[in-house]
Amino acid sequence: MRHNRKTMSDPLHAVAERFAQAFATVAGDIADPVVRPSDHADAQINGALGVAKKLGSNPRQVAKDVLVAAGDVSDMCSSLEIAGPGFINVTLSNEFLSIQLQSAMNDMHLGVHVAPTRLTAAVDYSAPNVAKEMHVGHLRSTVIGDCIVRLLEFVGHTVIRENHIGDWGTPFGMLIEHLIDMGQDTAAQELGVGDLDGFYRAARNAFDSDDAFKDRARARVVLLQSGDAETLHLWRTLVSESTRYFNHVYRLLDVLLTDADIMGESSYNDLLAPVVERLREAKLLEVSDGADVVFPAGFTNRDGHPLPLIIRKGDGGYNYATSDLACVIDRTERLDASLLIYVVGAPQAQHLSMVAAVAAQAGWLTPPAHMVHVAFGNVLGDDGKMLKSRAGDTVKLAALLEEAVERAAKAIAQKNPDMPEQERAQVAHMIGIGAVKYSDLSTDRVKDYVFDWERMLSFDGNTAPYLQYAHARMCSIFRRAGIERESVRSVSPIILEPREHALAIRMLQFDSAVWDALEKYSPHRLCTYLYELATDFTAFYEHCPVLKADTEEQRLSRLALCDSAARVLECGLNLLGIRAPEQM
RNA sequence: GCGCUCGUAGCUUAAUGGAUAGAGCAUCUGACUACGGAUCAGAAGGUUGGGAGUUCAAGUCUCUCCGAGCGCGCCA
């Protein structure tokens, strides 16, 4: 009985739907019931206040009229009370919750409704540079982008992952010459073990200190751009050794990116000249200080004059604006994407909005197609400044992830010494990486956050290990009970106790939690939901005996609730890109 | 100078314009030979940076001031 749901499972939506007609009747027009979560009940209906204002009548009276107009809703609500200035407090009936929950749990998406219109989305994220180490700056883009990709796919959109790696430009002259000096095999080995920074530094050093090298490097750039076969071969060595290393980090990080997702800057080389041509044909191009530029409306520089987007530099070269525009064309015209997502740091906001403005003016980005900048803040050290290593340089992402796994392994060894060595290593990976990712995803992405090992690896509070532990407990009940989880999936839950009631509502809200996170491109909203789910579960678990339930019927019902909670939690963590071990 | 982002308990933070601003950590008080104590229950902690405005209702919207960060023509 597995199917894709078109309807929403969140009971608050059901309440809103049920009361919509009553509100229309009373208001004489379509009026939003304004159903919200409540501290005073399962939900509160706030719409009467607005309607009363419009009608010039008493809000409590409006609320009364709405209740009359709604008629018998006892199949959904066990109690409706008018409170305060005109709120309607709603308590949902246990029978209703039981039916809804069983239906949601029979669905392969656990009640999350599919997108009403399916889109093709291109998500631009991660984007490391060839021959440069990935550092914490890439962590956020990669982890947030990965989560957004998973969310989009989950609700049925088609997603094209775009890893826009930095594989082109003037630095490649010196990098290739350094590669030649080192010998390809030696260089490949150095790059292969991940010492990209050492390689880059050495090349830079030679470039700065050796004039002959500098001349060779400049000549090499020309060769590269003219497509010289030998030069391209050397360039490919650099790219492939680097991507091999990126893949090592991606596997460690447990994200979806593969080689198939790589669309480096070099991929757009042939599209750069057409960008200029098409802008010229569209009569948008102007010459300013020897450069070809476009002046999009509404942007000014520090003198208050129009701010240009430079399409072609005075020396005839292209720059990042050109290739970003080429990307827009490629994504809208070749890939037919209508949702262009950029998971890029907040400082690039102005640049991206200028690109969007020019693309729109040129007709390459016509509604409903649009660009979304999923901006994020910095990772800070405990001094409140950009995270740096003790020596003061950037923190290598790989080293940071390895430390996370080590720390998690230590914690497990201490708390669960009986776990076999090999399993411990796997679980340590899930917990360590999960902790890093969750700490990145669990606060509003636009803010900076402080990187804190202690806090992210704590088993208390809003952390990945806490959620993973809650999941492991849910699973362990079935081992104790000696039955398969699947065997309780046809049980219709009996909801009686307040904690069962609260847990059921929470699970049904997975639908809106996922959509809320997706619509705002804010993974932390899903994190908050999962944390609340975990705390609701532990409260239930504490107060409602499962294995020692009064009757066999109740025991099965509660086991079904445990299984459902585990499924929702695992699915939610999965959407965040975090694994949920069954034991830890 | 102009623009963007941020400012919430000691710390880390949440909150579709809705009632008494919700959590976690730390602190304090309870529950135990425990369905995994890697737990649960409770207490205390706030004039949401200041001020004004819009609204039946503002942490949320508008304006202004203060503070922090970032951006503002040929780097990406």
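So you know, we letter chains A, B, ... as the sequences are listed, proteins then strands, and number each from 1.
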(request) Could you check which residues of residues 342-357 of chain A get a heavy atom under 4.0 Å from RNA chain B? Sort them by number, please. (result) Pro347(A), Gln350(A)
(request) For rA9(B) and rG71(B), measure between their C1' atoms and round to the nearest Å. (result) 33 Å
(message) Show every salt bridge (charged side-chain N to carboxylate O under 4.0 Å, His left out) that has at least one partner inside residues 375-386 of chain A, sequence neighbours left out.
(response) none
(request) Can you tell me the distance, in whole Å, between the NZ atom of Lys54(A) and the C1' atom of rU55(B)? (result) 14 Å
(request) Assert yes or no for the condition that the ring centre distance of His164(A) to Tyr342(A) is strictly below 6.0 Å. (result) no
(message) With nearest nucleotide decided by heavy atoms, which residue, Val450(A) or Gly84(A), maps closer to the 5′ end of RNA chain B?
(response) Val450(A)
(request) Assess whether one donor atom and one acceptor atom, taken from the side chain of Gln44(A) and the base of rA19(B), lie less than 3.5 Å apart. (result) yes
(message) With salt bridge (charged side-chain N to carboxylate O under 4.0 Å, His left out) as the rule and sequence neighbours excluded, what pairs involving residues 319-331 of chain A come up?
(response) Asp124(A)-Arg331(A), Glu162(A)-Arg331(A), Asp330(A)-Arg334(A)
(request) Residues of residues 513-526 of chain A with any non-hydrogen atom less than 4.0 angstrom from an atom of RNA chain B: list those, numerically ordered, please. (result) His524(A), Arg525(A)
Kindly list each side-chain donor-acceptor pair under 3.5 angstrom involving residues 134-141 of chain A, sequence neighbours excluded, with atom names and distances?
residue: His135(A); atom: ND1; partner: Gly137(A); partner atom: N; Å: 3.0
residue: His138(A); atom: ND1; partner: His135(A); partner atom: N; Å: 3.2
residue: Arg140(A); atom: NE; partner: Asp440(A); partner atom: OD1; Å: 3.0
residue: Arg140(A); atom: NE; partner: Asp440(A); partner atom: OD2; Å: 3.4
residue: Arg140(A); atom: NH1; partner: Gly377(A); partner atom: O; Å: 3.2
residue: Arg140(A); atom: NH1; partner: Arg445(A); partner atom: O; Å: 3.3
residue: Arg140(A); atom: NH1; partner: Lys447(A); partner atom: O; Å: 3.3
residue: Arg140(A); atom: NH2; partner: Asp440(A); partner atom: O; Å: 3.0
residue: Ser141(A); atom: OG; partner: Ser126(A); partner atom: N; Å: 2.8
residue: Ser141(A); atom: OG; partner: Val343(A); partner atom: O; Å: 2.9

(request) Spell out protein contact along nucleotides 36-42 of chain B as letters: B when the base is contacted, S when just the sugar-phosphate is, - when no protein heavy atom is under 4.0 Å; keep the 5' to 3' order. (result) BSBSSS-
(message) Once salt bridge (charged side-chain N to carboxylate O under 4.0 Å, His left out) is applied, do any residues pair with Arg218(A), and if so which ones, sequence neighbours excluded?
(response) none
(request) Could you list the residues that satisfy salt bridge (charged side-chain N to carboxylate O under 4.0 Å, His left out) with Asp448(A), not counting sequence neighbours? (result) none
(message) Tell me every residue that passes salt bridge (charged side-chain N to carboxylate O under 4.0 Å, His left out) with Glu552(A), counting only those two or more places apart in sequence or in another chain.
(response) Arg555(A)
(message) Can you tell whether the side chains of Asp197(A) and Arg201(A) come within less than 4.0 Å, N to carboxylate O?
(response) no
(request) Not counting sequence neighbours, list each pair that qualifies as a salt bridge (charged side-chain N to carboxylate O under 4.0 Å, His left out) and has a residue in residues 519-535 of chain A. (result) Arg506(A)-Glu532(A), Asp516(A)-Lys520(A), Asp516(A)-Arg525(A)
Can you give each donor-acceptor pair under 3.5 Å made by side-chain atoms of residues 305-312 of chain A, sequence neighbours left out, with the distance rounded to 0.1 Å?
residue: Arg312(A); atom: NE; partner: Gly316(A); partner atom: O; Å: 3.0

(request) Could you check which of rC74(B), rU13(B), rG18(B) has an atom nearest any side-chain atom of Thr443(A)? (result) rU13(B)
(request) For the side chain of Val34(A), starting at C-beta, report the closest nucleotide among rA14(B), rC72(B), rG18(B). (result) rG18(B)
(request) Represent RNA chain B in dot-bracket notation, 5' to 3'. Only Watson-Crick or G-U wobble pairs with both distances under 3.5 Å count; pseudoknot-style crossings use [ ] and interstrand partners use |. (result) (((((((..((((....[...)))).(((((.......))))).....(((((..]....))))))))))))....
(request) Taking syn as within 90° of 0 and anti otherwise, name the glycosidic form of rG73(B). (result) syn
(request) Answer yes or no: does a side-chain N or O of Lys447(A) lie under 4.0 Å from OP1 or OP2 of rG7(B)? (result) yes
(request) Map Arg445(A) and Pro308(A) onto RNA chain B by nearest heavy atom, then report which one ends up closer to the 5' terminus. (result) Arg445(A)
(request) State, without any angle test, whether Tyr318(A) and Asn269(A) hold a side-chain donor-acceptor pair at a distance under 3.5 Å. (result) no
(request) Could you please name the option among rG18(B), rU12(B), rC72(B) that lies closest to any side-chain atom of Leu307(A)? (result) rC72(B)
(message) Side chain of Ser288(A) only, heavy atoms from C-beta on: which candidate in rU8(B), rG73(B), rA19(B) is closest?
(response) rG73(B)
